[in-house]
Undergrad: 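Pasting in a structure now, in structure tokens, and then I'll have a few things to ask.
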Amino acid sequence: MIRIYNTLSQRKEEFKPLEAGKVRMYVCGMTVYDFCHLGHARVLIAFDVVTRYLRHRGFDVHYVRNITDIDDKILRRAEENGETFTALTERMIEAMHEDEAKLGILSPTEEPRATSFIDEILAMIRVLIQKDYAYAADNGDVYFSVNAFKGYGKLSKKKLEDLLAGARVDIAEAKRSPADFALWKAAKAGEVSWPSPWGDGRPGWHIECSAMATGCLGNTFDIHGGGPDLLFPHHENEIAQSEAATGETFVKVWMHAGAVRVNKEKMSKSLGNFFTIREILEKYPPEIVRYFLVSSHYRSQVDYSEENLEEASRTLTRLYQALRGLVPSKDAPEGESDALFHAAMDDDFNTPEAITVLHAVVSDINLHRRERRDEEARASAAVLVRLGKILGLLQQDPEAFFQAGSSESLSADEIERLIEARKQARKDRNFAEADRVRDELASKGVILDDSREGTSWRRG
RNA sequence: GGCGCGGUGGCAGAGUGGUUAUGCAGCGGACUGCAACUCCGUUAACGCCGGUUCGAUUCCGACCCGCGCCUCCA
């Protein structure tokens, strides 16, 4: 039985898909006006693992992750850059796909874009107006009337009165209530726009997700996910719009990832304390970044720091070290390790607990190797690779992992040559020379590992 | 102010009403020409104060501290 923490009920619930064997999931993706940062990676990887695990357990997962390719920030940035907004968004979408590929993030089943759902968006707004959940204001905007939807606040546990009391919401003259939000924004002169019954304009931020989610997955679907800062108002508004329009439950399970922090503060665009994925990948191999994120539970916050990445690096090194020079068995039957791994993942995708199973398997492998039980070692290696795959880890050739360093001071050929020289020196019992060679390599970031089979190397 | 989450050994990070998670780091030993890798052993924790209980890090209450959302943000 798989249990998932549902933000709506604030507890873990047994997961029962609407349709047996099938899972329909929507995750809020990027607004493509800048490069992805680590916070995006957090969400991307969290739901990548969810998808991988559910598929591993036999579910047919229909994973939809949208791209927001029209909004105020995009228009502003494009203008600053002196390029068209489509040039900007195309560039950023391409960059995002590169980042994802490097981090081993599987493509979603569908990746709808807001600009290709304008018809659906307009249709939904029309229904909302017909049902008196929305109104066209004098300024050309169309607003959702929050007071008209009685379930408003059920996701974020906020009361309308409290929201109004806080009153940091945008008080626009045209709104009937300060908490009302735009479904359609009237275009200013010269702005990109689409024609509508209420005048030329563009969709509001929230309506696009309602239109794309229901358009791709139906009025009701199983899982909706996203970052922690989308819970309110974005997801709350999605519920209001969708349920008001369809009269049906929008989503069964709401999942939210924890924030990525830097120096105890949330990494965010507005604080300017964010690190883009590509910046980080200049310093650390992608699998280490992935390991770092997966080594804490998806709902808890993680602190980005050099020390934490370094630790992830050392730990992942241990995992790959176990696989080094071993050819995993063709088919290793599922056993106790798989059962333990599943038990951890069944409990709200408890990846830190699942990783302990990986470490136990590593210990098995190392013991088998030490005692020269090659078949057992290869069988355990197969288990390790199989379980690692569910987390998107350990799929590389170990040598490739160890030798693909950024320190390009020495080529692989030069390293091999020095290792040969050291081998000869050791044969001649000239240990001073052998150690000199080893130190020379170490000074250039190359660590040697001697074993019965010979000497291997890695970039440290 | 409202709502929500959290405080675990040097660090990271799970979990449990009673039996040392796990990893990194440290320490001792084995292996090694010496190291590295690996193995064996080992040190070390549950914010504070009450309550419930035979027994609480785990349940309940208060308190302190930190974080997030309430405004665009994954």
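Below, chain A is the first sequence line, B the second, and so on; all start at residue 1.
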Undergrad: Counting the atoms with a prime plus P, OP1 and OP2 as sugar-phosphate, which does A:Ala259 contact under 4.0 Å by heavy atoms, base, sugar-phosphate, or nothing?
TA: base

Undergrad: Report which part of the nucleic acid A:Ile355 touches: base, sugar-phosphate, or nothing (heavy-atom distance under 4.0 Å, all strands).
TA: nothing

Undergrad: Check every strand shown and say whether A:Met267 touches a base, only sugar-phosphate, or nothing at a heavy-atom separation below 4.0 Å.
TA: base

Undergrad: Kindly indicate whether the side chain of A:Ser270 and the base of B:C72 share any N or O donor-acceptor pair separated by less than 3.5 Å?
TA: yes

Undergrad: Assign A:Gly258 to base, sugar-phosphate, or nothing according to its heavy-atom contacts below 4.0 angstrom with the strands shown.
TA: base

Undergrad: With a 4.0 Å cut-off on heavy atoms, is A:Val357 in touch with a base, just the backbone sugar-phosphate, or nothing at all?
TA: nothing

Undergrad: Should B:G4 form a Watson-Crick or G-U wobble pair with both distances under 3.5 Å, which nucleotide is its partner?
TA: B:C67

Undergrad: May I ask which nucleotide in the shown strands pairs with B:G55, Watson-Crick or G-U wobble, both distances under 3.5 Å?
TA: none

Undergrad: How many whole angstroms separate atom CZ of A:Arg314 from atom C1' of B:C37?
TA: 16 Å

Undergrad: For A:Lys157, which contact category applies under a 4.0 Å heavy-atom criterion: base, sugar-phosphate, or nothing?
TA: sugar-phosphate

Undergrad: Regarding A:Lys73, tell me which of base, sugar-phosphate or nothing describes its non-hydrogen contacts under 4.0 Å with the strands shown.
TA: sugar-phosphate

Undergrad: Assess the pair A:His256 and A:His235: is the distance between their ring centroids shorter than 6.0 Å?
TA: yes

Undergrad: Quick check: any donor-acceptor pair below 3.5 Å linking the side-chain of A:His256 to the base of B:A74?
TA: no

Undergrad: Counting only distance, no hydrogens or angles, is the base of B:G33 paired donor-acceptor with the side chain of A:Arg426 under 3.5 Å?
TA: yes

Undergrad: Heavy atoms under 4.0 Å, any strand shown: does A:Asp229 hit a base, just sugar-phosphate, or nothing?
TA: base

Undergrad: With heavy atoms under 4.0 Å as the rule, sort A:Gln10 into base, sugar-phosphate or nothing.
TA: sugar-phosphate

Undergrad: Closest approach of A:Ile45 and A:Leu293, non-hydrogen atoms and distance?
TA: CD1-CD1, 3.7 Å

Undergrad: What about A:Arg438: does its side chain form a donor-acceptor pair under 3.5 Å with the base of B:C34?
TA: yes

Undergrad: Under 4.0 Å between a side-chain N/O of A:Ser300 and OP1 or OP2 of B:A14, yes or no?
TA: yes

Undergrad: Could you check A:His40 against A:His297 and say which one's nearest nucleotide on RNA chain B is further toward the 5' end?
TA: A:His297

Undergrad: Can you check whether any acceptor in the base of B:A74 is under 3.5 Å from a donor in the side chain of A:Arg42, or vice versa?
TA: no

Undergrad: What does B:C46 pair with, Watson-Crick or G-U, if both distances are under 3.5 Å?
TA: none

Undergrad: With a 4.0 Å cut-off on heavy atoms, is A:Phe232 in touch with a base, just the backbone sugar-phosphate, or nothing at all?
TA: sugar-phosphate

Undergrad: May I ask you to say what A:Arg452 touches in the nucleic acid, namely base, sugar-phosphate or nothing, with a heavy-atom cut-off under 4.0 Å?
TA: nothing

Undergrad: Could you check A:Ser156 against A:Cys28 and say which one's nearest nucleotide on RNA chain B is further toward the 5' end?
TA: A:Ser156

Undergrad: Can you find a donor-acceptor N/O pair under 3.5 angstrom joining the side chain of A:Glu311 to the base of B:G23?
TA: yes

Undergrad: Over all strands shown, is A:Asn350 touching base, sugar-phosphate only, or nothing at heavy-atom distances under 4.0 angstrom?
TA: sugar-phosphate

Undergrad: In the strands shown, is B:G23 matched to any nucleotide by a Watson-Crick or G-U wobble pair with both distances under 3.5 Å, and which?
TA: B:C11

Undergrad: Does the structure show a Watson-Crick or G-U wobble partner for B:C39, both distances under 3.5 Å? Name it, or say none.
TA: B:G29

Undergrad: A:Arg370 side chain: which of B:A36, B:U38, B:A74 is closest?
TA: B:U38

Undergrad: Aromatic ring centroids of A:Tyr304 and A:Phe275 under 6.0 Å?
TA: yes

Undergrad: Between A:Asp180 and A:Ser177, is there a donor-acceptor pair closer than 3.5 Å when you use the side chain of the first and the backbone of the second?
TA: yes

Undergrad: Of the nucleotides B:A36, B:G33, B:A74, which has the atom closest to the A:Asp449 side chain?
TA: B:A36

Undergrad: Measure CG/A:Asn308 against C1'/B:C24 and give the value in whole Å, please.
TA: 10 Å

Undergrad: Is A:Asp435 side chain donor-acceptor paired with the B:G33 base, going by distance under 3.5 Å alone?
TA: yes

Undergrad: Assess the residue pair A:Arg176 and A:Tyr143 against the criterion (side chain to side chain contact (heavy atoms under 4.5 Å, CB included)); give the C-alpha distance rounded to whole Å, side-chain angles, the decisive distance to 0.1 Å, and a yes or no.
TA: CA-CA 9 Å; A:Arg176 290 179 190 166; A:Tyr143 294 103; over 6 Å; no

Undergrad: For A:Ser268, report the nucleic acid contact type (base, sugar-phosphate, nothing); a contact means any heavy atom under 4.0 Å.
TA: base

Undergrad: Give one of base, sugar-phosphate or nothing for A:Arg422, where a contact means two heavy atoms less than 4.0 Å apart.
TA: base

Undergrad: Is it true that A:Tyr284 and A:Phe292 have ring centroids separated by less than 6.0 Å?
TA: no

Undergrad: Say you draw a straight line from CG of A:Leu44 to CE of A:Met30; how long is it, rounded to the nearest 0.5 Å?
TA: 8.5 Å

Undergrad: Of the nucleotides B:C39, B:G23, B:C69, which one has an atom closest to the side chain of A:Thr315?
TA: B:G23

